[in-house]
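We count ligands from 1, going down the list as the structure has it; atoms in each ligand are counted the same way. Throughout, numbering of the chain's residues begins at 1 and tracks the sequence. All values below come from the heavy atoms of this structure, side chains included, with hydrogens, waters and symmetry mates left out.
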Amino acid sequence: MSHDAFWTGEQHALQAATRAFVEREVTPNLQDWEAAGQVPRSLHAAAAKAGLLGVAFPEQVGGQGGDILDSLAMQEAFFAAGGSSGLAAALFTGGIAVPHLAARGTAEQIDSFVRPVLDGTKIGSLGVTEPGGGSDVAGITTVAVRDPSTGSGQAAEYVVNGAKTFITSGVRADFVTTAVRTGGPGHAGVSLLVIEKGTPGFTVDRALEKMGWLCSDTASLSFVDARVPVANLIGEENTGFAQIAEQFVVERIALAVHAYGIAARSLALTASYAQERETFGKPLAARQVVRHRLVEMHQRVDVARTYTRAIAARHAAGEGVVAEACLAKNNAVEACEWVVSQAVQLHGGTGYMHGVEVERHYRDARILGIGGGATEVLNDLAARLLGYAG
Ligand SMILES: Cc1cc2nc3c(=O)[nH]c(=O)nc-3n(C[C@H](O)[C@H](O)[C@H](O)COP(=O)(O)OP(=O)(O)OC[C@H]3O[C@@H](n4cnc5c(N)ncnc54)[C@H](O)[C@@H]3O)c2cc1C
């Protein structure tokens with residue numbers, strides 16, 4: 001790989017460790033995990049050992065320090081080496097499940113949930129979306145009511161009722177950072193509560209079957225009079241919406257990296273294929289129309305990467321980039337959808353076959369414009385923040 005002057009020496013070293021991890025642990029097994037519908041727990045421990053799980057988390061909570069740019073460096077190398085978007089979703093679910101705990105958790109919560117996720121011994125999920133809707137986070141209906149009979153002599157408890165769906169790693173998770181309604185309607189009544197597997201009344205209803213992200217298990221969850229210690233509340237009661245919104249910026253930048261990361265990998269695979277594959281007596285790459293297609297794929301990937309890196313750098317410098325993170329994700333997703341489609345096209349019938357890498361990227365790409373804020377919802381948010389709303 002050519003030297004990328006955007007990254008520091010340390011970030012290059014992190015990229016080298018990431019590539020070695022993906023080539024050793026991931027690519028030989030990925031197809032089996034796609035068929036199995038999940039990745040093994042041992043992969044989390046191996047990723048932690050390779051120094052990947054704690055990137056951008058403070059050392060005080062068990063992380064390796066660094067910031068979002070280190071995370072970008074790592075993720076870009078992860079995808080360039082053949083790691084898939086679904087695998088990143090499954091392996092790095094901690095990146096969406098524990099940042100709120102790392103930022104506002106008690107010492108006990110950090111020891112019970114953050115450290116074990118970052119050292120690969122526990123798996124956490126984030127449970128926001130409900131069967132009734134995912135885009136309107138302020139509209140969630142899962143309720144947590146304090147049981148007044150608890151608290152004196154007995155640890156205070158919430159009683160939780162409701163359901164969540166489309167929860168990444170929800171089948172395997174040891175706990176779910178769950179958005180619940182503890183107050184009135186709207187965003188001001190939302191809290192975040194850690195609900196552990198094994199809590200009576202908390203059931204993983206089923207593993208969902210999907211179009212892509214096949215190695216990433218996705219679950220429906222239900223809560224029927226599930227009793228959860230008040231000690232599992234993250235931060236103050238009714239501050240959950242702000243906590244979720246704060247972390248969405250990082251999640252959207254991360255999904256932008258998924259998008260241009262798998263697009264870049266699909267381009268690399270297609271460029272090699274176009275050198276090897278001959279039609280009408282010449283390699284595909286000898287045709288001007290094919291070369292131009294490859295250049296346009298390159299252009300779209302590079303523009304998405306350059307903009308996303310710039311927004312991540314501004315975020316790392318402490319600037320508010322909520323609107324720009326929406327634009328970065330939407331732009332990268334649009335680039336990705338076009339690039340992975342062209343990759344399949346230039347692979348011909350081979351590109352339509354299961355087990356061929358570009359086919360997997362094509363299917364995996366489709367979730368990126370839906371999860372973590374659908375394209376339209378992010379455009380709406382950006383319109384308000386940029387002053388274009390009526
Ligand atoms: C594989 C997968 C993994 C996921 N992982 C998680 C997870 O770990 N945790 C979690 O909490 N959630 C997760 N989700 C849920 C995901 O975040 C939601 O699917 C997403 O937020 C959209 O919510 P929805 O599916 O309910 O669609 P809806 O909110 O019903 O919206 C449907 C569609 O309508 C359009 N739309 C919505 N609102 C507007 C509007 N205001 N204006 C114009 N158009 C609009 C969009 O095109 C949208 O896709 C996951 C989903 C999938 C498929």
Glu10 atom CD, neighbour heavy-atom count above 12 within 6.0 Å: no
Could you pull out the N/O contacts under 3.5 angstrom between ligand 1 and the surrounding protein atoms?
| unit_1 | atom_1 | unit_2 | atom_2 | d |
| --- | --- | --- | --- | --- |
| ligand 1 | 5 (N) | Phe166 | O | 2.8 |
| ligand 1 | 5 (N) | Thr168 | OG1 | 2.8 |
| ligand 1 | 8 (O) | Thr168 | N | 3.0 |
| ligand 1 | 8 (O) | Thr168 | OG1 | 3.4 |
| ligand 1 | 9 (N) | Leu126 | O | 2.8 |
| ligand 1 | 11 (O) | Val128 | N | 2.8 |
| ligand 1 | 11 (O) | Thr129 | N | 2.9 |
| ligand 1 | 11 (O) | Thr129 | OG1 | 3.2 |
| ligand 1 | 12 (N) | Thr129 | OG1 | 2.7 |
| ligand 1 | 14 (N) | Phe166 | O | 3.3 |
| ligand 1 | 23 (O) | Ser135 | N | 3.4 |
| ligand 1 | 26 (O) | Gly134 | N | 2.7 |
| ligand 1 | 29 (O) | Ser135 | N | 3.1 |
| ligand 1 | 29 (O) | Ser135 | OG | 2.6 |
| ligand 1 | 47 (O) | Glu376 | OE1 | 2.9 |
| ligand 1 | 47 (O) | Glu376 | OE2 | 2.9 |

Over-ring placement of Arg227 relative to Tyr158, 6.0 Å and 45° cut-offs: no
Pi-cation contact, Phe248 with Arg252 (under 6.0 Å, within 45°): yes
Closest contact, heavy atoms only, Phe6 versus Gln11: O-OE1, 4.4 Å
Verdict with reasoning, Arg146 to Glu237, per salt bridge (charged side-chain N to carboxylate O under 4.0 Å, His left out): CA-CA 11 Å; Arg146 269 189 200 235; Glu237 207 172 71; 3.5 Å; yes
All pairs passing salt bridge (Lys or Arg N to Asp or Glu O under 4.0 Å) where residues 372-390 contributes a residue, at least two apart: none
